[in-house]
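Here's the structure we're looking at; comments come further down.
Note on naming: letters A, B, ... go to the chains in the order of the sequence lines (proteins, then strands), and numbering restarts at 1 for each one.
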Amino acid sequence: MVRYTLDAIGEICPVPLLLVHRKMAELLPGDELLVTTDFSRAVRNILDWAAREGHDILIVDEVEPGLWSVTLRKIR
Amino acid sequence: MSLSGGNRGNLAGRKDGQAGCFFLALAVAVFLAVVLAHFRLEWAAVWIFGLLVGFVLHRSQVCFAASFRDCFLFHDYAMVQALVTLLLTVSLGFAVLDLTGLLPDFPYYWRSGPATVLGGFLFGLGMVLAGACACTSLVRLGEGFLLYLLVGAGLAGGTLLGAYTYPLWLRLGGLSSLKPLPVAMGWPAALALQVGGLAGAWWLLRLARRRG
């Protein structure tokens with residue numbers, strides 16, 4: 001299992017989800033991706049997309065006011 | 001960048017700072033409501049209603065830009081289905097308000113035509129590039145995204161330009177006066193057409209969501 005990070009800070013919708021989409025395609029099943037974003041709507045977008053695609057949503061956290069981290073695990 | 005628990009040491013202090021900002025903003029909002037009510041009670045009601053709508057938009061993360069964009073980009077139909085639900089509710093709500101005589105100025109006449117299509121396309125393009133429409137730009141600005149000051153300036157500039165060039169569009173024949181559906185065909189037929197069409201769209205979107 002490899003843990004990747006993706007910094008989407010300063011990016012507005014839909015860029016954070018497009019970056020996640022692209023990065024997850026490179027991962028192998030079991031790999032994890034930690035995404036950080038400061039765009040609140042992007043968090044919702046990433047969670048909805050991950051749920052639809054069947055990826056595990058491991059952690060969702062507001063690490064600082066206005067800064068969120070989402071950790072996903074690729075399943076298939 | 002460390003995102004571990006180490007950052008949490010400063011979190012309580014920052015949250016306290018936010019609480020101070022909240023009470024300051026609340027005091028300003030109440031002060032403005034009192035001032036507006038002094039001139040006209042309706043203005044204060046609109047101000048308070050606007051604040052409440054803003055709060056709901058922020059907490060629900062409703063995004064009209066996402067509703068149009070995500071169905072094409074990510075095959076995500078949830079938000080566009082929510083938008084259709086909103087239009088259904090508004091259509092029924094307007095019918096109820098008009099039929100009970102609560103809308104003295106109804107029907108509203110708007111000019112429409114090819115220029116509206118062009119304007120809609122330009123607005124849609126800007127909305128997707130900015131990542132938010134008019135109301136969600138205000139929500140993002142409220143969250144502290146200063147970029148949306150620029151978006152707001154663009155919106156204001158575009159609106160002014162639209163108003164300034166309005167006579168030109170009229171001369172070019174890009175706008176004509178259209179009868180609202182309830183005037184053209186009466187409320188029962190207009191409701192059947194609009195609610196039927198929207199309900200059909202809602203059902204198709206539901207089908208699309210189930211198929212993923």
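- Summarising the geometry of B:G131 relative to A:I12, their closest heavy-atom pair is N-CD1, 3.9 Å, with the distance given to 0.1 Å.
- Stacking of B:R140 on the aromatic ring of A:F39 is recorded, both the 6.0 Å distance cut-off and the 45° axial limit being met.
- Heavy-atom distances place the backbone of B:A130, and not its side chain, under 4.5 Å from chain A.
- Contact annotation for B:Q61: both backbone and side-chain heavy atoms come within less than 4.5 Å of a heavy atom of chain A.
- Put simply, CG on A:L17 and CG on B:D70 are 7.0 Å apart, with the number rounded to the nearest 0.5 Å.
- Residues A:C13 and B:R69 meet the side-chain proximity criterion, which asks for heavy atoms closer than 4.5 Å.
- Proximity of A:D48 to B:F74: side-chain heavy atoms (C-beta onward) are nowhere separated by under 4.5 Å.
- Around the CH2 atom of B:W203, the shell of radius 6.0 Å holds no more than 12 heavy atoms that belong to other residues, nucleotides or ligands.
- Counted within 6.0 Å of CZ on B:F68, heavy atoms from surrounding residues, nucleotides or ligands total 12 or fewer; the atom is thus considered open.
- Taking the side chain as every heavy atom from C-beta outward, A:R41 and B:M79 approach each other to under 4.5 Å.
- Within 6.0 Å of atom OH in B:Y166, more than 12 heavy atoms from other residues, nucleotides or ligands are found, so the atom counts as buried in its surroundings.
- Within the 4.5 angstrom heavy-atom criterion, atoms from both the backbone and the side chain of A:D38 approach chain B.
- Of the two parts of B:V139, neither the backbone nor the side chain holds a non-hydrogen atom closer than 4.5 Å to a non-hydrogen atom of chain A.
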